[in-house]
Structure formats: structure tokens, C-alpha cells
Protein chains: 2
Amino acid sequence: MFSSKPYLDINKLVKWNLEFDLGLTNKSVKKGDVFLKEGQPCKHQYYILKGFVRVYYLDLEGNQITHWFCADDAIITSPFSYVKGERNILYFEAMEDTELVLISAPQLNTLIQHVPELGEGMRQMNAEFAMILSRRIMSIHTQTAEERYLNLMEQHPLLFQKAKLSQIASFLGITQQSLSRIRKNL
Amino acid sequence: MFSSKPYLDINKLVKWNLEFDLGLTNKSVKKGDVFLKEGQPCKHQYYILKGFVRVYYLDLEGNQITHWFCADDAIITSPFSYVKGERNILYFEAMEDTELVLISAPQLNTLIQHVPELGEGMRQMNAEFAMILSRRIMSIHTQTAEERYLNLMEQHPLLFQKAKLSQIASFLGITQQSLSRIRKNL
DNA sequence: TTACTTTTTTACCATAGGTTAAATTTTTCC
DNA sequence: GGAAAAATTTAACCTATGGTAAAAAAGTAA
């Protein structure tokens with residue numbers, strides 16, 4: 001769905017971590033683990049070395065609504081909490097065994113002081129992220145659920161091996177029954 | 001809808017423009033003017049000194065779909081074009097006489113070299129923008145059109161004096177007839 | 001005021017997607 | 001393998017929103 005590779009090379013990050021004594025921490029999570037929950041402040045950006053993560057939140061009835069999926073080389077955070085210090089409402093769930101590198105805001109700032117051009121990269125990365133979300137709003141406003149489903153199938157076929165259809169349905173903004181009906185009608 | 005004030009103080013920007021000889025340009029546009037069109041590369045970020053701007057795009061049938069509204073102290077750009085160099089699909093329309101300050105990517109980079117802490121601010125600004133878009137996707141997935149309309153009324157009452165209902169309807173993701181029906185049922 | 005244009009509302013029918021509930025298939029685990 | 005649990009599909013019915021077209025209202029200009 002999103003890769004940070006054009007903006008932050010993980011090999012360089014590991015090198016910088018030693019060179020500038022950033023103190024980055026690694027974290028391994030098992031399939032099924034929810035490593036960030038609603039109400040827990042999100043103090044880090046999580047670089048996914050390897051694995052697959054689903055970000056979701058709960059609606060008023062308590063249903064899980066998938067907000068996005070993230071694979072290798074993506075960076076995820078809960079912007080509400082990480083950037084603005086607001087109460088975190090997102091859950092981060094490992095859909096398979098996942099290796100993470102945690103980067104705190106102070107660590108990122110330190111790194112950018114040493115490597116100023118990375119600041120530009122991270123700025124662009126955030127801008128690209130906004131762009132992806134813009135596209136998604138546009139697709140909601142101009143495409144039917146069936147079209148969005150077919151696009152997703154085409155662009156992220158692996159997703160359908162890793163995520164439940166109910167999780168994909170809520171990502172598409174429909175119920176699992178509707179998704180099932182769409183699939184039936186090919 | 002969005003203010004850049006917490007991240008970029010316009011008075012400081014004007015001062016820096018002189019101090020570092022950035023060569024920022026101003027632009028005045030009249031009510032009704034479309035100052036960026038589909039296909040025109042977006043080379044700048046536009047700081048809205050004063051005014052009101054609607055950003056829209058065309059769907060396959062040629063209908064205008066409002067993507068967002070921007071008022072004083074917002075910064076807008078077409079990220080597809082500005083960040084990634086892709087073909088621009090957005091139209092920027094002044095809904096009233098509007099004063100803009102144009103900032104190119106090279107100018108912004110120069111400025112950040114002189115004022116490194118601004119880089120962090122711009123990064124946060126882009127992150128907040130992504131956050132706002134996230135919230136909008138969430139509202140589409142968890143609220144009815146009526147709820148989204150009432151929220152908009154409550155949070156941006158002035159919008160209803162400046163924009164046509166048809167423009168607000170497409171922003172909400174519904175037809176103007178649906179919006180009219182929602183208003184009728186209070 | 002009148003004429004003209006644009007915007008908004010209304011009405012009618014069509015349809016995508018939601019709701020509920022049950023049946024079926026797949027997965028998990030003993 | 002077989003029982004239990006979880007995931008998915010199916011079905012019948014319902015509702016919000018879309019599409020079309022026309023009427024009404026509001027805005028604009030002579």
C-alpha cells in the first residue's frame with residue numbers, strides 16, 4: 001500500500017543508528033499480536049522490516065473498521081497521537097510475524113540534525129501519504145464498491161492471502177455481506 | 001478546514017523572504033478565477049493570505065467534485081504534481097477575491113536550510129494534513145451523509161455562505177438532490 | 001418591474017448497499 | 001479424523017442515496 005523506500009533507506013537507517021548513537025529499538029511481534037491499542041499513546045513511528053500490519057479502529061457499535069494495511073518497508077504511526085498528542089484511537093495488529101524498528105520523535109529529530117536532507121525526504125513522505133489518502137477519498141466519491149474491490153484485487157493481490165474478507169470489506173467501506181455479493185457477481 | 005498557522009507564521013515568512021532573498025511572489029485572484037487547472041503543473045505551494053479557495057476535480061462524466069475548501073492561512077498545493085511530478089488533476093478556484101503567496105519547492109528548501117526548525121514544522125504540517133484526510137475517510141465509513149452534513153454545519157458554518165450547496169454536496173460525497181432532501185428533513 | 005439565468009427543491013422510480021438471520025464452508029485444535 | 005469455532009456465503013427484505021426531470025426560488029441585469 002505504501003513504501004517508505006524512496007524516502008528512507010533502512011540500511012542507511014541502521015548505519016546512522018550506530019554512527020549517531022540514536023538508540024533505536026527493535027521489536028518482534030507474533031502473528032495476531034496487537035502492539036498498539038486505543039488509549040495507548042503512540043510515541044513512535046514503526047518501520048516494518050518484515051511482516052504485515054493492519055491498522056483499525058472501533059466504530060460506535062464496537063465493530064473493527066480497517067483503516068489501512070501496511071507491508072514491508074512501510075512506516076506507520078498514529079498521527080493523532082504521535083504528532084498532535086491527542087488520544088490514540090488506532091489499533092496496530094500484526095497479521096503475520098513482524099519485525100519492527102521503532103523511531104521516536106526525538107530520535108528522528110536528532111537524525112535529521114545529522115542528515116538534513118532526510119528532513120526533506122520525510123516531508124515528502126508525509127506529503128505522499130496525504131496524497132494516497134486523497135486518492136482514496138476520490139475513489140470513494142467516484143467509484144462503486146465493485147470498482148474499488150477490483151482495483152484492490154489488481155493492485156494488491158497478496159492482500160487477499162493475508163487478510164480476512166471482513167477486514168478487507170471494512171477497508172473498502174462496505175459490509176462483508178456486500179463484499180460477498182460483489183464477489184458472487186464476479 | 002485547515003490552518004498552517006501553528007506551523008508557518010506568515011509574518012515570519014515575509015521577514016525571511018527579505019532576509020534570505022527568497023524571491024517569493026504574490027498573486028491576487030478575482031472571485032471566480034480558476035488559478036490552477038488540470039494538466040497545468042503545480043510548481044508552488046499557495047499560502048492563502050486572505051480569501052477562500054475551492055479545490056475540485058472532474059469525474060468521468062465531467063462533474064466537478066469538490067475535494068476541499070481552504071480559507072485564510074491555509075497552504076494548498078496539488079501533491080500529485082508538486083511532490084511527485086505526476087500530471088495535475090486538480091482545479092483551484094477562488095470563491096472570493098483572494099491574495100496568495102506562492103512558494104516553490106526550491107524556495108522552501110532554501111528557507112529550511114536557513115531555518116532548520118521550520119523543516120520539522122512543515123513535516124508536522126504534512127502529517128496533520130494526512131490526519132485530517134484520515135478523519136474524513138473515517139467519517140465516510142462510520143457516519144451517514146446527514147451526520148456528516150450536520151458536522152460540517154457545526155464546524156464550518158461560514159462555508160455555507162461562501163459555497164454553493166451543489167459544491168458542498170460533492171464534498172460530502174452525495175448529490176445535491178440528496179443534500180436538499182437531507183436539509184428538508186432537518 | 002420584467003426578463004433571464006442560476007441555484008435549489010421536489011417528486012418519482014431505480015438501485016447499491018445495509019440488516020438480519022441462517023446455511024455453508026473453511027480453519028483450528030484435540 | 002472429527003468436533004468446535006471461525007469465516008464466508010446466501011437469502012429475503014429494507015433503506016439511503018442516485019438518476020431524471022420538472023417546478024420553484026433566488027439571483028442578476030436591463
Side-chain angles (χ1 to χ4, degrees), chain A residues 30-34 52 54 56 58-66 69 93-97 136-153 157 159-186, chain B residues 30-34 52 54 56 58-66 69 93-97 136-153 157 159-186:
Chain A
K30 289 280 166 201
K31 180 175 179 173
D33 280 0
V34 177
F52 201 73
R54 179 172 73 107
Y56 67 90
L58 303 181
D59 69 11
L60 292 176
E61 286 86 41
N63 304 306
Q64 295 181 0
I65 313 286
T66 302
F69 294 103
E93 176 192 30
M95 309 279 296
E96 57 185 44
D97 291 357
R136 211 166 135 204
I137 292 172
M138 289 176 174
S139 77
I140 293 169
H141 284 174
T142 59
Q143 297 187 299
T144 63
E146 181 172 320
E147 288 169 328
R148 297 200 302 278
Y149 167 74
L150 290 171
N151 278 164
L152 193 61
M153 280 275 278
L159 176 60
F160 290 78
Q161 293 166 20
K162 298 185 176 181
K164 305 262 184 290
L165 286 172
S166 58
Q167 297 169 341
I168 292 173
S170 69
F171 177 74
L172 290 170
I174 57 178
T175 60
Q176 60 175 346
Q177 294 89 327
S178 288
L179 179 55
S180 193
R181 174 164 41 198
I182 287 168
R183 284 158 60 85
K184 185 180 159 194
N185 302 341
L186 283 178
Chain B
K30 288 280 167 202
K31 180 176 180 173
D33 281 359
V34 177
F52 201 73
R54 179 171 73 107
Y56 67 90
L58 303 180
D59 68 12
L60 292 176
E61 286 84 41
N63 304 306
Q64 295 181 0
I65 313 286
T66 301
F69 295 104
E93 175 192 32
M95 309 279 296
E96 57 185 44
D97 291 357
R136 212 166 135 205
I137 292 172
M138 289 176 175
S139 77
I140 293 170
H141 284 174
T142 59
Q143 297 187 299
T144 63
E146 182 173 320
E147 288 169 329
R148 296 200 302 278
Y149 167 73
L150 290 171
N151 277 165
L152 193 62
M153 281 275 280
L159 176 59
F160 290 78
Q161 293 168 20
K162 298 186 176 180
K164 305 261 186 289
L165 286 173
S166 58
Q167 297 169 341
I168 292 172
S170 69
F171 177 74
L172 290 170
I174 56 178
T175 60
Q176 62 175 343
Q177 294 88 329
S178 288
L179 179 54
S180 192
R181 175 167 37 200
I182 286 168
R183 285 158 60 86
K184 185 181 159 193
N185 302 341
L186 284 180

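Just so it is clear, the structure is predicted and the values come from calculations on it, not from any experiment. Both backbone and side-chain heavy atoms feed into the values below; hydrogens, waters and symmetry mates do not. Chain letters run A, B, ... following the sequence lines, proteins first, then strands; residues in each count from 1.
Between B:Arg148 and B:Gln143 the shortest heavy-atom distance is NH1-O, 3.1 Å.
Of the residues listed (B:Ile174, B:Asp59, B:Leu172, B:Ile140), the one engaging A:His141 in a side chain to side chain contact (heavy atoms under 4.5 Å, CB included) is B:Ile140, and it is the only one.
One can place CD of A:Glu146 at 14 Å from P of C:dG18, the figure rounded to the nearest angstrom.
Relative ring orientation between B:Phe160 and B:Tyr149 is described as perpendicular, the plane-to-plane angle rising above 60° on a 0-90° scale split at 30° and 60°.
Nucleic acid contact for B:Ser180: base, since at least one base atom lies under 4.0 Å from a heavy atom of the residue. Nucleic acid contact class of A:Arg181 (heavy atoms, under 4.0 Å, all strands): base.
Residue A:Thr144 places its side chain closer to C:dG17 than to any other of C:dT9, C:dG17, D:dG18. Closest approach to the B:Ala145 side chain among D:dT8, D:dT17, D:dG19 is made by D:dT17 (side chain taken as heavy atoms from C-beta onward). Nearest to the side chain of A:Gln177, among C:dT9, D:dG19, D:dA11, sits D:dA11. Comparing C:dG17, C:dT10, D:dG18 against the side chain of B:Ser178 picks out D:dG18 as the nearest. For A:Ile174, counting side-chain heavy atoms from C-beta on, the closest listed nucleotide (C:dG17, D:dT10, C:dT8) is C:dG17.
Comparing B:Lys164 and B:Lys184 by the nucleotide of DNA chain C whose heavy atom lies nearest to each, the residue mapping closer to the 5' end is B:Lys164.
Residue A:Ser166 has no polar side-chain atom (N or O) positioned under 4.0 Å from OP1 or OP2 of D:dA7.
The distance from the NZ atom of B:Lys30 to the CG atom of B:Asp97 is 4.5 Å, given to the nearest 0.5 Å.
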